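Data block below; observations after.
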Amino acid sequence: MEHYTYKPSGICATLIEFDLDQDDCIHNTKFTNGCNGNLKAVSKLTEGMKAEKAISILKGNQCKDKGTSCADQYTKALEAALAQRA
């Protein structure tokens, strides 16, 4: 299992952390700051999910007029981790 950290931009969360196992499944996601209840839900819903599946579901989600969201930034973090592994 590999641990990843990502510093998002344009959102309330200031850090996204997660682990990917050998099959690219997500584990132990943690957001620092942001909407606590919503981000705990995102973390629970993606636990054990393939990273590519989570990306396909969450990518492009927007919060207010920010042009992004915590979920969208999470997909950027997952994409960066997958690219790093390739």
Side-chain angles (χ1 to χ4, degrees):
M1 188 121 34
E2 293 182 62
H3 186 76
Y4 296 90
T5 60
Y6 183 82
K7 184 154 177 59
S9 61
I11 59 171
C12 298
T14 55
L15 188 67
I16 302 170
E17 299 178 68
F18 57 93
D19 298 323
L20 290 179
D21 67 20
Q22 67 278 4
D23 297 320
D24 294 337
C25 293
I26 304 164
H27 300 281
N28 309 313
T29 300
K30 179 184 174 199
F31 290 83
T32 302
N33 299 317
C35 301
N36 189 38
N38 289 335
L39 296 175
K40 282 182 181 175
V42 168
S43 298
K44 286 181 180 183
L45 290 169
T46 59
E47 178 65 27
M49 183 182 286
K50 288 263 196 191
E52 289 181 3
K53 171 103 172 151
I55 292 166
S56 73
I57 294 168
L58 299 172
K59 188 171 186 152
N61 188 53
Q62 294 194 20
C63 179
K64 300 178 185 172
D65 60 352
K66 294 180 180 186
T68 190
S69 68
C70 291
D72 185 54
Q73 289 291 302
Y74 185 30
T75 68
K76 293 180 186 318
L78 292 168
E79 288 173 332
L82 291 175
Q84 185 178 344
R85 293 173 77 131

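Here the structure is a predicted model, which is why all the values come from computation and not from measurement.
Between Lys50 atom NZ and Ser56 atom OG the span is 12.5 Å, to the nearest 0.5 Å.
Here the shortest heavy-atom pairing between Leu82 and Ala51 reads CD1-CB, 3.9 Å. The two atoms that bring Ala13 and Leu39 nearest to each other are CB-CD1, 4.4 Å, heavy atoms only. Of all the heavy atoms in Asp72 and Gly67, the pair that sits closest is OD2-O, 4.4 Å. Pairing each heavy atom of Ala54 with each of Thr46, the nearest pair is CB-CG2, 4.1 Å. Considering every non-hydrogen atom in both Cys70 and Ile16, the closest pair reads O-CD1, 4.4 Å.
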Just distance, no hydrogens or angles: give the donor-acceptor pairs under 3.5 Å from side chains in residues 58-66, sequence neighbours left out.
from  : atom 1 : to    : atom 2 : distance (Å)
Lys59 : NZ     : Glu79 : OE2    : 2.6
Asn61 : ND2    : Ser69 : OG     : 3.4

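Connection of Met49 to Ile55 is established within a shared hydrophobic cluster, with ILVMFWY side chains joined at heavy-atom distances below 4.5 Å, either directly or through further cluster members. At a threshold of 4.5 Å between side-chain heavy atoms, the hydrophobic network of Ile, Leu, Val, Met, Phe, Trp and Tyr places Leu15 and Leu20 in two separate groups.
Within the 4.5 Å cutoff, no side-chain heavy atoms of Thr29 are placed close to those of Val42.
Checked against the 6.0 Å centroid threshold, Tyr74 and Phe31 count as a close aromatic pair.
Each salt bridge (charged side-chain N to carboxylate O under 4.0 Å, His left out) pair with one or both residues in residues 4-27, not counting sequence neighbours, appears once here: Asp24-Arg85.
With sequence neighbours excluded, no residue forms a side-chain hydrogen bond (donor to acceptor under 3.5 Å, both in side chains) with Glu52.
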